[in-house]
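Here's the structure, in structure tokens; my notes come after.
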Amino acid sequence: MINPNELAALRQDYYRHELSRSSVADDPFEQFTMWFDEAVSALIVEPNAMMLGTATTEGQPSGRTVLLKGYDGSGFKFFTNYNSAKARDLTVNPFCFLHFFWKELERQVFIRGLARKTSEQESDDYFAMRPYQSQIGAWASEQSSVVPSRKVLEEKFAELKEKFPEGTVPRPRYWGGYRVTPDHFEFWQGRPSRLHDRILYTRHEHGWLISRLSP
Ligand SMILES: Cc1cc2nc3c(=O)[nH]c(=O)nc-3n(C[C@H](O)[C@H](O)[C@H](O)COP(=O)(O)O)c2cc1C
């Protein structure tokens with residue numbers, strides 16, 4: 001068991017890779033693809049798990065992990081319940097961040113942008129691909145609301161399985177995707193002596209401005 005007072009002595013030196021202006025792609029989506037492919041090759045478990053940060057209009061922040069389910073030059077896609085706490089935040093304040101931490105590669109990627117709901121068709125297509133149990137789960141969970149007990153949830157799940165046999169589950173209207181369109185990407189590579197490499201891309205009129213940030 002670790003004594004909390006010993007946490008100050010826990011430290012890791014980073015040395016595996018480096019990142020420079022000359023080695024990065026001009027397009028941050030391309031750079032993301034290179035790093036994502038390396039995360040997959042490194043056999044990182046759920047390399048597509050990302051922290052989604054949202055905030056209310058009063059600036060009250062929240063964060064949670066969601067799974068990246070696709071991306072292209074128009075943005076990064078995840079799926080969720082449109083009545084959840086995150087969706088309530090995104091309705092009043094669509095600015096959000098996505099954060100990946102691939103510790104085995106000593107890397108993080110921070111993306112900031114604007115979230116918009118995906119089309120009904122995209123949500124339908126993805127919902128249809130989900131395993132049966134996950135489809136039923138989407139119906140069974142009033143995500144982010146108080147549930148009296150686990151038993152209540154499991155009973156609801158069983159009832160819904162009766163109602164919707166496998167292959168017949170429609171997408172709930174309150175369930176679907178968001179696409180986050182970035183205006184800011186930061187690629188962070190851990191380096192020795194805390195002199196980490198940080199490459200920032202910010203969107204401007206004709207493309208992306210690239211700069212190095214101090215660690
Ligand atoms: C690895 C992992 C992946 C997850 N993926 C999703 C996801 O893709 N969509 C989702 O709605 N919740 C996902 N969750 C659950 C969320 O973290 C969160 O508990 C849930 O969405 C409710 O968040 P909210 O109350 O802030 O809206 C995942 C959790 C973990 C740990």
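Here, residue 1 is the first one in the sequence, and each next residue gets the next number. Read the numbers this way: they start at 1 and go in the same order the structure lists the ligands and their atoms.
A salt bridge links Asp26 with Arg21: the closest approach of a Lys/Arg side-chain nitrogen to an acidic carboxylate oxygen falls below 4.0 angstrom. The pair Glu159-Lys163 fails the salt-bridge criterion, with no side-chain N (NZ, NE, NH1 or NH2) lying under 4.0 Å from an Asp/Glu carboxylate O.
Residue Thr80 has at least one heavy-atom neighbour below 4.0 Å for each of these atoms of ligand 1: 10 (C), 11 (O). Atoms of ligand 1 lying under 4.0 Å from any heavy atom of Phe79, numbered from 1 in the order shown and given with element: 7 (C), 8 (O), 9 (N), 10 (C), 11 (O). Close contacts between ligand 1 and Glu46 involve ligand atoms 1 (C) [criterion: under 4.0 Å to a heavy atom]. Near Ser144, with a cut-off below 4.0 Å to any heavy atom, the atoms of ligand 1 are 24 (P), 25 (O), 27 (O).
Of the options Arg64, Lys86, Lys69, the smallest heavy-atom separation from atom 21 (O) of ligand 1 is shown by Lys86. With atom 13 (C) of ligand 1 as the reference point, the heavy atom nearest to it among Leu67, Asn83, Leu52, Thr65 is part of Thr65.
Listed here is the closest heavy atom pair of Ser123 and Gly177: OG-N, 3.1 Å.
For Glu30, the salt bridge (charged side-chain N to carboxylate O under 4.0 Å, His left out) criterion is met by no residue, not counting sequence neighbours.
Distances from ligand 1 to the non-hydrogen atoms of Phe78 include no value under 4.0 Å.
Within 6.0 Å of CD in Glu162 there are 12 or fewer heavy atoms belonging to other residues, nucleotides or ligands.
Shortest contact from atom 6 (C) of ligand 1 to any protein heavy atom: Val66 CA, 3.6 Å. For atom 20 (C) of ligand 1, the nearest non-hydrogen atom of the protein is Gln143 NE2, 3.4 Å.
Proximity of Trp188 to Leu213: side-chain heavy atoms (C-beta onward) are nowhere separated by under 4.5 Å. No side-chain heavy atom of Arg179 sits less than 4.5 Å from a side-chain heavy atom of Arg116.
Aromatic ring pairs are classed by plane angle as parallel below 30°, tilted from 30° to 60° and perpendicular above 60°; the pair Phe164 and Trp139 is tilted.
Geometrically, ligand 1 and Ala85 share a nitrogen or oxygen pair separated by less than 3.5 Å.
For atom 17 (O) of ligand 1, the protein comes within 4.0 Å by at least one heavy atom.
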